[in-house]
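Structure first, commentary second.
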Protein chains: 2
Amino acid sequence: MSPVTATLLRHRLRHLRHQIRLNSTSVSPPPPPRFNLPLNHPTYLIWSANTSLGKTLVSTGIAASFLLQQPSSSPPAAHSTKLLYLKPIQTGFPTDSDSRFVFSKLDSLSLRRRIPLSISNSVLRSSLPVAESMRRSLKVSESGMCDLNFSEEKTVTGAPELLCKTLYAWEAAISPHLAAEREHATVEDSVVLKMVEQEMECGSQTNVLCLVETAGGVASPGPSGTLQCDLYRPFRLPGILVGDGRLGGISGTIAAYESLKLRGYDVAAVVFEDHGLVNEVPLNSYLRNKVPVLVLPPVPKDPSDDLIEWFVESDGVFKALKEVMVSVYLERVERLNGMAKQAGEVFWWPFTQHKLVPEDNVTVIDSRCGENFSIYKASGDTSITQQFDACASWWTQGPDPALQAELAREMGYTAARFGHVMFPENVYEPALKCAELLLDGVGKGWASRVYFSDNGSTAIEIALKMAFRKFCVDHETLLSLSEDAEEKKHVDVKVLALRGSYHGDTLGAMEAQAPSPYTGFLQQPWYTGRGLFLDPPTVFISNGAWNLSLPESFPQTASEESGTFTTRDEIFDKSRDTSALATIYSAYVSEQLQEYSESSQSAHVGALIIEPVIHGAGGMHMVDPLFQRVLVNECRNRKIPVIFDEVFTGFWRLGVETTADLLGCKPDIACFAKLLTGGMIPLAVTLATDAVFDSFSGDSKLKALLHGHSYSAHAMGCATAAKAIEWFKDPETNHNIDSQGGTLRELWDEEVVQQISCHCAVERVVVLGTLFALELKVCFLVRKVPSRDAPGRRYFHAPSWKRCIPHEWPLHVAGDLPPVAR
Amino acid sequence: MSPVTATLLRHRLRHLRHQIRLNSTSVSPPPPPRFNLPLNHPTYLIWSANTSLGKTLVSTGIAASFLLQQPSSSPPAAHSTKLLYLKPIQTGFPTDSDSRFVFSKLDSLSLRRRIPLSISNSVLRSSLPVAESMRRSLKVSESGMCDLNFSEEKTVTGAPELLCKTLYAWEAAISPHLAAEREHATVEDSVVLKMVEQEMECGSQTNVLCLVETAGGVASPGPSGTLQCDLYRPFRLPGILVGDGRLGGISGTIAAYESLKLRGYDVAAVVFEDHGLVNEVPLNSYLRNKVPVLVLPPVPKDPSDDLIEWFVESDGVFKALKEVMVSVYLERVERLNGMAKQAGEVFWWPFTQHKLVPEDNVTVIDSRCGENFSIYKASGDTSITQQFDACASWWTQGPDPALQAELAREMGYTAARFGHVMFPENVYEPALKCAELLLDGVGKGWASRVYFSDNGSTAIEIALKMAFRKFCVDHETLLSLSEDAEEKKHVDVKVLALRGSYHGDTLGAMEAQAPSPYTGFLQQPWYTGRGLFLDPPTVFISNGAWNLSLPESFPQTASEESGTFTTRDEIFDKSRDTSALATIYSAYVSEQLQEYSESSQSAHVGALIIEPVIHGAGGMHMVDPLFQRVLVNECRNRKIPVIFDEVFTGFWRLGVETTADLLGCKPDIACFAKLLTGGMIPLAVTLATDAVFDSFSGDSKLKALLHGHSYSAHAMGCATAAKAIEWFKDPETNHNIDSQGGTLRELWDEEVVQQISCHCAVERVVVLGTLFALELKVCFLVRKVPSRDAPGRRYFHAPSWKRCIPHEWPLHVAGDLPPVAR
């Protein structure tokens with residue numbers, strides 16, 4: 001399917017989204033902030049398989065190894081060496097203060113090694129009990145947090161620097177979520193992250209290392225109750241995992257490692273204290289020697305031991321660890337730096353004129369978290385920046401970070417449980433569950449069979465094969481289909497379709513759409529266009545009102561009926577079925593079908609195929625639903641099977657699970673893909689009625705539908721689809737859905753939409769469900785049409801809401817709000 | 001793609017495989033045994049997040065709750081109540097003996113509750129130190145294990161029964177892998193599993209519960225070093241996870257839970273000891289209340305406490321736990337029982353005549369582990385039985401259990417890191433890594449661009465678009481392509497292809513193949529067959545020798561050249577390029593092309609498309625590689641682009657990574673799918689040369705290749721492909737590959753193959769790489785051809801190795817040995 005990108009108005013739209021949120025009465029939580037992480041120095045998260053395994057000892061050792069080196073032959077670099085140690089969440093404070101521990105040990109080690117060091121330790125915010133125990137009487141914020149601003153330091157001019165910071169402290173030595181509750185001092189995830197982001201900023205100093213030490217184990221809750229591995233996920237910092245060298249520690253270490261990987265983290269090294277059980281052997285074997293495993297000498301158990309000797313003894317291990325951290329960082333940056341160039345050399349992007357994509361335009365995506373990409377920026381200060389997925393990743397984007405994490409677990413589980421298994425004559429849970437949910441959801445009331453394939457195009461090819469067979473069975477006499485195969489060849493079956501609809505890129509799908517630049521000889525020499533293609537009446541907002549526009553091909557008398565609607569609901573109102581316009585539509589369709597059948601003896605319209613309500617790739621045009629309903633009825637009266645192409649429109653894109661509900665009529669066959677899997681992996685389905693299915697029944701395999709792909713109904717696609725279908729329609733997991741789970745809340749502020757539609761640069765606006773499409777007037781377009789592209793230019797000269805080529809001229813802007821909460 | 005199943009000869013082939021293994025000198029490990037698990041009673045694995053969290057207390061409590069109920073009003077049932085407690089791996093024995101603990105506690109509880117109970121405890125095998133400490137002098141087996149056969153029991157006639165069994169015991173109280181090493185008493189995974197399988201068998205008694213208690217944490221190593229969660233995976237028994245109620249326990253419990261899920265296990269409940277930290281709250285939140293979390297009262301710390309009071313106090317929790325276990329079991333069996341019927345009602349299987357698939361024929365697949373399915377058998381004693389994937393899941397099957405587990409982790413990681421992100425003008429690690437590996441592997445030496453799509457059919461449609469464009473650019477004068485779009489329509493571009501090759505099910509891919517029952521009007525009314533289709537010469541083993549068979553359409557003189565080859569290598573020998581046959585081939589191809597171009601002014605052969613060496617879906621026919629090489633050369637001389645369809649043949653299916661290496665010539669364009677992702681999820685690539693890529697370069701987007709799918713280059717497919725490509729070619733992970741990683745070992749015993757080819761029922765055999773295909777003579781076919789299927793019947797009347805319809809008549813049997821070790 002072809003994309004419509006939002007190059008020009010991306011920034012504007014974002015602004016708009018914020019405005020809408022401010023005006024809206026929706027209960028949706030505010031959008032998560034987007035972060036910017038410096039990448040001009042290494043930053044690591046220090047994780048642990050459990051509490052009390054020595055995260056802070058490891059942080060201290062790394063710090064000592066980084067800061068307390070004998071001055072090399074090139075002393076001038078030394079003064080810019082800095083280690084930033086952050087402890088975002090500290091409980092049991094002030095008895096336990098990991099930042100103070102690092103601070104004081106480095107102080108001792110600096111004295112012992114006779115290497116000067118500037119050190120500081122500060123505690124920024126705390127609960128009231130902490131503030132009171134510190135004898136500070138401070139203003140308590142609404143959330144119960146105080147600005148503690150405690151700080152201690154020792155400065156040596158020109159020496160390497162250690163900055164230790166505790167960001168939030170609670171008194172009770174329990175899990176942060178309990179301490180926050182008990183001390184009435186909560187802090188939201190986004191606030192923690194913003195604070196960490198701010199404190200990680202070190203400017204452009206050269207020799208910097210930043211450590212962010214987590215609290216407890218990898219999946220210990222943070223102050224809000226969010227597991228820390230989920231809390232810090234938007235940063236996706238590389239990690240050091242402090243493992244467990246004790247009995248049972250292999251299991252705990254591997255499980256913790258897997259929980260991190262299952263959230264998309266990279267782990268640079270595993271390190272643990274030696275307990276004489278050689279746990280490193282099975283760990284190395286598990287990690288296939290691809291992640292270094294380091295073993296620290298046993299830690300003295302005597303509480304009076306100041307550990308200084310132990311740090312001296314461990315120096316070699318920490319040095320090795322520090323070197324791993326630096327080299328992993330350098331490799332990452334080197335790879336990220338080279339990716340844009342390399343991509344331009346080895347990829348062949350779809351729908352892309354490579355000549356028009358300079359290296360600088362290539363976006364290096366380091367990861368995604370819900371609706372945000374994390375982008376590598378090489379220019380200026382290198383960094384990883386979060387960016388809103390304004391292209392909705394070709395309209396597959398649906399999940400928020402919570403669903404993404406949930407789907408990731410589901411994928412891991414399903415891959416391990418099934419991998420892929422053959423489908424025909426078999427049944428397995430994910431496929432059955434998925435089929436049941438589809439028939440009880442988008443297929444409810446009409447469909448009884450699910451045919452799986454891989455993408456929208458294949459789903460359409462299958463739908464066409466189904467429809468034509470049904471048509472042939474219903475019209476056997478008409479077609480005089482005999483046993484003689486030769487005779488059949490003279491029958492020419494075609495589709496009835498709307499101009500501007502788009503059904504996919506494989507030849508069969510293309511044949512079902514009207515000629516366009518996509519179908520020209522240069523693109524597809526085999527295209528002939530096997531259909532009767534009608535111009536549809538469209539509706540859109542312009543100058544604050546919903547307008548109906550009838551195509552020129554309509555009879556002159558019809559033009560009286562075009563006009564405006566007061567509300568969008570009016571357009572969908574079924575009472576229009578008895579209007580004069582309905583009669584005009586009906587007559588028009590009858591006439592067209594009559595004319596066509598008279599023009600050729602052998603050609604028959606064997607299927608109607610429509611994108612219900614919205615033509616997606618064709619330019620986000622909203623077709624008058626009355627016209628489509630009339631079309632469906634006219635075809636049904638003639639026993640012409642009806643296909644709904646819901647590849648784009650299905651699964652809440654337009655505010656309902658299936659657009660059939662908006663249209664108010666049912667198809668015989670319908671295709672779904674894209675959001676079906678919650679935006680994860682390719683899977684498509686073609687749903688059909690029993691009557692369609694029965695037309696393939698017989699005693700011979702040759703009557704069966706002989707179309708399939710190797711991974712038909714692959715377990716992973718089905719499992720993620722089943723999860724996403726349930727998630728989207730459950731008000732508990734999708735805060736944008738109404739409490740009955742039937743429709744999406746109105747996401748766009750009516751007043752703002754009206755204002756936009758009145759703007760002098762705006763030709764038309766379409767707003768429905770998660771879709772906001774606007775078309776600029778031609779004079780406001782930035783890009784010139786290359787003069788030799790005759791087919792393209794035509795579209796510019798036509799009325800401006802005629803189909804244009806996406807990508808090339810960003811006439812249309814689709815800002816998709818995914819249906820899940822933000 | 002269409003399948004060839006192995007219905008008839010499945011059993012025979014399995015036998016053959018074993019024979020081959022016995023005869024073979026390959027270093028591959030023996031195939032894993034296949035298991036049978038009773039499902040007429042619930043069986044649970046008792047897992048734990050760490051050591052010493054009370055797994056045995058939980059087992060004991062469940063046993064007490066199950067066995068020591070007050071006799072209900074229906075006393076006759078009581079005597080058949082039985083609980084089987086298995087401890088497969090016990091270290092620290094006899095000081096630690098969990099089976100003895102359960103035995104003695106149930107004894108005490110039975111006395112205390114005055115409910116009679118028959119109890120027994122036995123220890124089956126042990127290391128020598130254990131045997132010595134038990135003062136038993138026994139014969140030590142080769143592996144160092146002794147048959148200990150220790151046993152103790154108390155029998156009460158008619159009372160409920162408790163059977164406790166320790167299967168393997170070691171003396172040292174350390175991890176089993178260390179104890180096994182230290183006590184020189186090892187036991188292989190398959191032996192442990194066979195023993196557990198055997199001991200779990202309880203006959204058809206009605207009221208039985210079986211508990212299998214693991215050792216240490218979920219990922220603690222077993223005696224061989226295999227992590228226990230991997231060791232027990234072939235059984236995929238549902239589990240009870242004993243969590244951690246202490247500080248840090250939330251993290252450890254969640255991580256352990258995720259490690260189990262990441263191996264495809266289901267967890268029925270989480271239970272842990274209360275430490276006053278309300279860990280159940282975040283756990284319930286994490287589990288979304290979908291898995292029950294139960295909390296046990298604090299366990300007395302006094303070592304002299306016999307815990308009897310604690311068990312009494314905990315009875316309510318254990319009763320609830322037992323009820324969960326029973327109801328989860330019943331739900332599972334009910335679901336499994338209904339699945340075959342439900343599948344027949346909601347699925348529409350590809351390539352399947354539903355009328356011919358009775359409910360009994362539907363296979364209910366509970367899971368897969370490497371090359372085995374776990375199948376639910378409802379008939380007789382219900383059970384889960386492992387079955388060899390003899391259909392190779394439509395030729396996508398590649399991974400062994402180790403690769404499946406590895407890919408599952410990779411999928412979880414990639415889903416969490418990326419989900420799906422848009423591809424055009426973007427770059428992300430999995431796509432780049434995958435492209436680099438492809439260009440350095442299957443595309444090495446010729447390809448420079450990778451075009452991603454979703455399956456073989458789409459990859460072929462893209463390849464055709466590429467080839468035609470290249471042809472048009474190279475033959476601009478010939479085609480007199482002008483700017484005028486209208487004029488272009490008169491040019492008719494066709495493919496040159498071989499009869500019997502199959503390139504996919506979408507219309508474009510079908511147009512590139514010769515007419516067949518798949519392409520008839522009934523199946524695809526739009527098919528016209530846009531090609532010049534040649535009959536290819538084929539080679540096969542018959543009566544012990546490789547034969548060459550020339551098609552009848554060849555000139556009479558050629559028939560002198562047909563004959564036999566001494567070895568298969570001879571067939572691939574490049575010296576044949578100068579043979580008389582090469583000249584005949586060359587003349588034949590030239591003549592055909594000449595005739596074709598003379599027959600039509602407007603038709604041009606614009607692409608050659610072949611499946612190199614083997615026609616897969618077309619019937620596993622081996623085409624004379626010399627003929628294909630000549631074809632390639634003749635086309636290249638005429639500037640006709642060459643497409644290799646390696647969808648089936650690629651990635652080691654034929655013993656080499658790319659079949660181009662067997663053929664000894666390179667294409668301009670090649671398509672890969674199926675095994676590309678290691679048999680996990682759909683992904684396809686079309687590789688192309690720079691020259692092909694350049695023919696799409698220009699100043700206009702309209703010159704670009706405008707074909708794409710929503711999930712083009714989806715991160716999950718690319719990541720699993722990158723992993724599988726590396727895994728397959730690495731001798732360390734693929735034991736069937738030679739040490740240089742270039743070719744697969746010969747998997748089929750030459751002598752056995754010869755014998756089969758001499759069998760009177762066998763028409764022909766083809767053996768290459770992982771492929772073993774044999775065709776039976778028509779007279780040995782079981783199934784009759786329905787009389788009205790004229791197109792199908794034709795194939796039967798033709799010489800028997802002509803193309804037949806897979807599935808309907810299992811003429812061909814493809815036994816695929818996946819390229820990885822077994």
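Nothing here was measured: the structure is a model prediction, and the numbers come from that model. Below, chain A is the first sequence line, B the second, and so on; all start at residue 1.
Looking at B:Leu439, only its side chain comes within 4.5 Å of chain A, counting heavy atoms on both sides. Looking at A:Pro682, the atoms closer than 4.5 Å to chain B (heavy atoms on both sides) sit in the backbone and in the side chain alike. B:Asn426 touches chain A through backbone and side chain together, each having a heavy atom under 4.5 Å away. With a 4.5 angstrom heavy-atom cutoff, B:Arg530 touches chain A via backbone and side-chain atoms both. A:Asn50 touches chain B through its side chain: at least one heavy atom from C-beta onward sits under 4.5 Å away, while N, CA, C and O do not. Only the side chain of B:Leu227 comes within contact range of chain A, with heavy atoms under 4.5 Å apart. Contact of B:Ala431 with chain A is made through backbone and side chain together, with heavy-atom distances under 4.5 Å. Of the atoms belonging to B:Arg449, heavy atoms from both backbone and side chain fall under 4.5 Å from chain A. For B:Ser220, the parts sitting under 4.5 Å from any heavy atom of chain A are the backbone and the side chain alike. For chain A, the nearby parts of B:Phe693 are the backbone and the side chain; heavy atoms of each come within less than 4.5 Å. Within the 4.5 angstrom heavy-atom criterion, only side-chain atoms of A:Val357, from C-beta onward, approach chain B. Both the backbone and the side chain of B:Val346 come within contact range of chain A, judged by heavy atoms closer than 4.5 Å. Of the two parts of B:Leu178, only the side chain, counted from C-beta on, holds a non-hydrogen atom closer than 4.5 Å to a non-hydrogen atom of chain A. Both the backbone and the side chain of B:His707 have a heavy atom closer than 4.5 Å to some heavy atom of chain A. Of the atoms belonging to B:Met339, heavy atoms from both backbone and side chain fall under 4.5 Å from chain A. Looking at B:Val278, the atoms closer than 4.5 Å to chain A (heavy atoms on both sides) all sit in the side chain, from C-beta outward. The contact between B:Arg263 and chain A is made by backbone and side chain atoms together, counting heavy-atom distances below 4.5 Å.
Per-residue heavy-atom pair counts under 4.5 Å with chain A were compared for B:Ser52, B:Gly698, B:Gly520, and the maximum is reached by B:Gly698. Interface summary for chain A: among B:Val493, B:Thr51, B:Leu262, B:Leu277, the most heavy-atom pairs under 4.5 angstrom belong to B:Leu262. Counting heavy-atom pairs closer than 4.5 Å to chain A, the top residue among B:Pro282, B:Ser251, B:Ala415 is B:Ser251. For chain B, the option among A:His714, A:Glu345, A:Arg417, A:Met716 with the highest count of heavy-atom pairs below 4.5 Å is A:Arg417. Options A:Ala713, A:Gly216, A:Gly248, A:Ser453 differ in how many heavy-atom pairs under 4.5 Å they form with chain B, and the most are formed by A:Gly248. The choice from A:Gly606, A:Gly508, A:Ala49, A:Ala173 that makes the most heavy-atom pairs within less than 4.5 Å of chain B is A:Gly508. Between chain A and the options B:Ala256, B:Ala340, B:Ser448, the largest number of non-hydrogen pairs under 4.5 Å is found for B:Ser448. Between chain A and the residues B:Gln342, B:Glu410, B:Met510, B:Gln524, the most heavy-atom pairs under 4.5 angstrom are made by B:Gln342. Ranked by non-hydrogen atom pairs under 4.5 Å with chain A, the options B:Gln228, B:Glu436, B:Met411, B:His177 are led by B:Glu436.
A distance below 6.0 Å separates the ring centres of A:Trp526 and B:Phe468.
Here CZ of A:Phe418 is found 12.0 Å from CE of B:Met680. Values are rounded to the nearest 0.5 Å. Remark: A:Arg469 CZ to B:Gln523 CD distance equals 5.5 Å, nearest 0.5 Å. How far CH2 of A:Trp348 is from CZ of B:Phe696: 4.5 Å, rounded to the nearest 0.5 Å. Rounded to the nearest 0.5 angstrom, A:Leu683 CG and B:Ile681 CD1 are separated by 11.0 Å. A distance of 9.5 Å separates OG1 in A:Thr352 from CG in B:Leu705, rounded to the nearest 0.5 Å. Here the CD1 atom belonging to B:Ile174 is positioned 8.5 Å from the CG atom belonging to A:Leu247, to the nearest 0.5 angstrom.
Between A:Glu429 and B:Arg335 there is a salt bridge, with a side-chain nitrogen of the basic residue lying less than 4.0 Å from a carboxylate oxygen of the acidic one. Electrostatic pairing of B:Glu258 and A:Lys261 does not count as a salt bridge here, judged by no charged N lying under 4.0 Å from a carboxylate O.
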If you apply the rule ring pair (Phe, Tyr, Trp, His ring centres under 6.0 Å), what do you find for A:Trp349 with B:Tyr451, and how did you get there? CA-CA 7 Å; A:Trp349 288 301; B:Tyr451 205 106; over 10 Å; no
Show your reasoning for whether ring pair (Phe, Tyr, Trp, His ring centres under 6.0 Å) applies to B:Tyr265 and A:Tyr413. CA-CA 8 Å; B:Tyr265 289 103; A:Tyr413 167 76; 9.4 Å; no
Show, in sequence, the C-alpha distance, side-chain angles and deciding distance for A:Tyr711 and B:Trp394, and conclude whether the ring pair (Phe, Tyr, Trp, His ring centres under 6.0 Å) test is met. CA-CA 8 Å; A:Tyr711 290 92; B:Trp394 280 9; over 10 Å; no
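Closest approach of B:Ala343 to A:Leu432, counting heavy atoms only: N-CD1, 4.2 Å. Residues A:Phe347 and B:Val427 come closest through the heavy atom pair CE1-CG2, 3.7 Å. Closest approach of A:Ile250 and B:Ala219 over heavy atoms only: CG2-O, 3.9 Å.
Using a distance-only test at 3.5 Å, with no hydrogens or angles considered, a donor-acceptor pair links the side chain of B:Ser393 to the main chain of A:Met422. The main-chain N or O of B:Gly708 is found under 3.5 Å from a side-chain atom of A:Asp505 such that the two form a donor-acceptor pair. A donor-acceptor pair is defined here as one N or O able to donate and one able to accept, closer than 3.5 Å; no such pair exists between the side chain of A:Arg409 and the backbone of B:Ala416. Looking only at distances, a side-chain donor or acceptor of A:Glu461 sits under 3.5 Å from a matching main-chain atom of B:Leu507. With A:Gln353 contributing its side chain and B:Ser700 its backbone, the two residues share a donor-acceptor pair below 3.5 Å.
Side-chain contact of A:Lys355 with B:Ser697: a donor-acceptor pair under 3.5 Å is absent, judged by distance alone.
Between B:Phe423 and A:Pro350 the shortest side-chain heavy-atom distance falls below 4.5 Å. Using a 4.5 Å heavy-atom threshold, the side chains of B:Val362 and A:Glu425 count as separate. With contacts defined as side-chain heavy-atom distances shorter than 4.5 Å, the pair A:Asp366/B:Tyr428 does not qualify. The shortest distance between side-chain heavy atoms of A:Pro525 and B:Val491 does not fall below 4.5 Å. Side-chain contact between B:Lys703 and A:Leu522: present, with at least one pair of heavy atoms (C-beta onward) separated by less than 4.5 Å.
With sequence neighbours left out, the side chain to side chain donor-acceptor pair (under 3.5 Å) criterion links A:Thr253 to no other residue.
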